[in-house]
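The block underneath contains the structure these notes are about, expressed in structure tokens.
As the structure lists them, so they are numbered: ligands from 1, and atoms in each ligand from 1.
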Amino acid sequence: MVASVGEYIESVIDAARSRDPGQLEFHQAVQEVAESLAPVLERRPEYREWRILERMVEPERVVIFRVPWVDDQGIVQVNRGYRVQMNSAIGPYKGGLRFAPTVNLGVMKFLAFEQVFKNALTMLPMGGGKGGADFDPRGRSDAEVMRFCQSFMTELFRHIGPDTDVPAGDIGVGAREIGYLFGQYKRIADEFTGVLTGKGLGWGGSLIRPEATGYGTAYFLSEVVATDDETLEGKTIAISGYGNVGTYFIEKANDLGAKVVTIGDEDGFVYDPDGIGGDKLEFLKPLWTKQRRPAKDFADEFGLKWVEGQRPWTVPCDIAVPTATQNELDEEHAKMLVANGCKYVVEAANMPCTPGAVATFAEAGVRFGPGKAVNAGGVATSGLEMSQNSLRLSWTREEVDVRLRGIMKAIHRTCLAAAEEFGVPGDYVAGANIAGFVKVADAMLDQGVV
Ligand code: GLU
């Protein structure tokens, strides 16, 4: 091989760019992973020889389909549905479904690509996939959401199965949507199986699954601060979202003695310097997940400060935890956080920090945890739900929580060990990418050119 590893990596990134020019988020995710793989590609030439990286950036299969449905006014609506089956080297495709107007093929591919590494890091046997639709659940009635989900599953059902591909929730897909999707799958396939995770507790769901991404983020964060002999006790935290991830993160962060002072949405943010807890947290929990109401309603209810048109990254805090969506925290935000004394940033959402923000944190010595490690508790608990479904039994809350905590500690350890082994000590981004990559790459080598 003539090209240097650096040139080789650039050529893989360039090829992904020129093959699918419009898929910006996908290019961003590929670049972030590929650039951190240099030390491992240097040491293991067989990965280049067998074109492992080239194969990993190409989905095994992509399904794109029409989702026609009738709204409450009797008008026919047409959405576009997706399932990207990215990599099945270590298990069935696994990953959520996102219903949001911002969904397109590039977003689906970036999420599926990230999921491959995230799922590998959990050490559970799950490949990576992602799906969804450009459907906006906001302002839609229950009946409309049900008809949409039924139409979506009427096509998706033929591509999934408990040993093939197991979808779950993501933005815009929660307990209600999983219920409607599961009902339609069961009806068409005539099978009661663990084909989806995030199911209701009475019909195959796992305890702690709703809490898992938020709790897992808090567990990972406490491991990060512990490396500085610190705890979360007395720390001030800024977060952005107030969905499933944000609200359960607040709950666990409060348990661990921290104070969460912000939540927000695309219109602005709420600032509560006393910290969100007690009645305020109970009000907040269903605000998005069940009621799909705006963040400002929270400020109005409790007479809290509402900051219109801004992100929460302007407030003084020790820790920032973006919990909403991709690229919600940019370089300018990062500079503000650094200037305001922020020491730790962990991504509870998928790729919420832009590359400029990540570079700013690195320069300033802010400890930074990437989403694929930090938020892996959600899919890990989905993996535990799959195990319980296969065993046809359910574990107690304590049992699942202990396993989740153990998995988050192990992911943290794995990231640091891989970073150390490959000469970038303390770099969670490189550690997560390298550890996830090696696990999947070795399975791909074992299985031949497929
Ligand atoms: N959507 C979540 C994620 O980004 C969870 C996926 C799952 O449980 O399969 O990891």
Side-chain angles (χ1 to χ4, degrees), residues 25 29 82-88 90-100 102-103 107-122 124-133 156 160-162 164-175 177-178 181-182 194-200 204-217 220 241 243-246 248-249 289 322-326 328 346-352 369-389 400 403-404 407-408 411 432 436:
E25 292 86 354
Y82 301 87
R83 188 71 182 165
V84 176
Q85 299 181 328
M86 200 74 189
N87 195 302
S88 61
I90 61 169
Y93 309 107
K94 179 82 195 89
L97 298 171
R98 176 176 291 192
F99 291 168
T102 48
V103 162
V107 168
M108 292 285 98
K109 279 176 65 183
F110 119 66
L111 289 163
F113 184 70
E114 290 283 294
Q115 200 81 41
V116 172
F117 300 88
K118 182 193 310 197
N119 294 3
L121 283 172
T122 68
L124 298 171
M126 299 183 288
K130 199 86 183 191
L156 186 69
I160 63 176
T164 314
D165 184 354
V166 183
D170 195 78
I171 296 172
V173 178
E177 290 76 14
I178 294 293
L181 291 164
F182 184 80
V195 69
L196 293 162
T197 60
K199 298 186 290 300
S206 174
L207 286 159
I208 304 279
R209 177 62 190 90
E211 296 90 334
T213 314
Y215 281 16
T217 298
F220 190 94
N244 203 41
V245 182
Y248 286 113
F249 172 77
T289 53
T323 56
T325 194
Q326 64 269 13
E328 58 163 310
V346 293
E347 296 185 318
N350 292 312
M351 206 170 74
K372 60 173 77 70
V374 173
N375 71 37
V379 74
T381 309
S382 278
L384 301 178
E385 182 171 328
M386 289 167 72
S387 304
Q388 293 169 78
N389 292 163
V400 180
R403 284 177 199 263
L404 168 63
I407 290 170
M408 296 317 295
I411 293 174

Open item on the list: Below a 4.0 angstrom heavy-atom separation, can you tell me which part of Q115, side chain or backbone, both or neither, approaches ligand 1?
Closed with: side chain
Task: Sidechain-backbone polar pair: N389 side chain, G204 backbone, donor-acceptor under 3.5 Å - done: yes
Open item on the list: Show me which atoms of ligand 1 lie under 4.0 Å from any heavy atom of G95.
Closed with: 9 (O)
Open item on the list: Within ligand 1, which atoms have a heavy atom of K130 less than 4.0 Å away?
Closed with: 1 (N), 3 (C), 4 (O)
Open item on the list: Taking G174's backbone N and O only, do any of them form a donor-acceptor pair with N244's side chain (distance below 3.5 Å, no angle check)?
Closed with: no
- [ ] With heavy atoms under 4.0 Å as the rule, classify the contact between R209 and ligand 1 as side chain, backbone, both or neither.
- [x] side chain
Open item on the list: Can you tell me which portion of T381 lies within the under-4.0 Å heavy-atom range of ligand 1? Options are side chain, backbone, both, or neither.
Closed with: neither
TODO: Please confirm whether the backbone N or O of A348 pairs with a side-chain atom of N375, one donor and one acceptor, at under 3.5 Å?
DONE: yes
- [ ] Identify, for atom 10 (O) of ligand 1, the protein heavy atom at the shortest distance, and state residue, atom and that distance.
- [x] K118 NZ, 2.8 Å
Open item on the list: Using modelled atom types and a 3.5 Å cut-off, is there a donor and acceptor pairing between side-chain atoms of R209 and backbone atoms of G378?
Closed with: yes
Task: Identity and separation of the nearest protein heavy atom to atom 8 (O) of ligand 1 - done: S382 OG, 2.5 Å
Task: atom 6 (C) of ligand 1 - nearest protein heavy atom and its distance - done: G96 N, 3.6 Å
Task: Residue among V195, I160, L156, L97 satisfying side-chain contact (heavy atoms from CB on, under 4.5 Å) with L181 - done: L97
Task: Atoms in ligand 1 with a heavy atom of A168 nearer than 4.0 Å - done: 7 (C), 8 (O), 9 (O)
Task: Closest protein heavy atom to atom 9 (O) of ligand 1, given as residue, atom name and distance to 0.1 Å - done: K94 NZ, 2.7 Å
Task: N or O pair under 3.5 Å between G169 and ligand 1 - done: yes
TODO: Would you confirm whether K130, through its side chain, and G95, through its main-chain N or O, come within 3.5 Å as a donor-acceptor pair?
DONE: no
Task: Residue part near ligand 1, for E385, under 4.0 Å between non-hydrogen atoms - done: neither
Task: Contact (N/O only, under 3.5 Å) between N350 and ligand 1 - done: yes
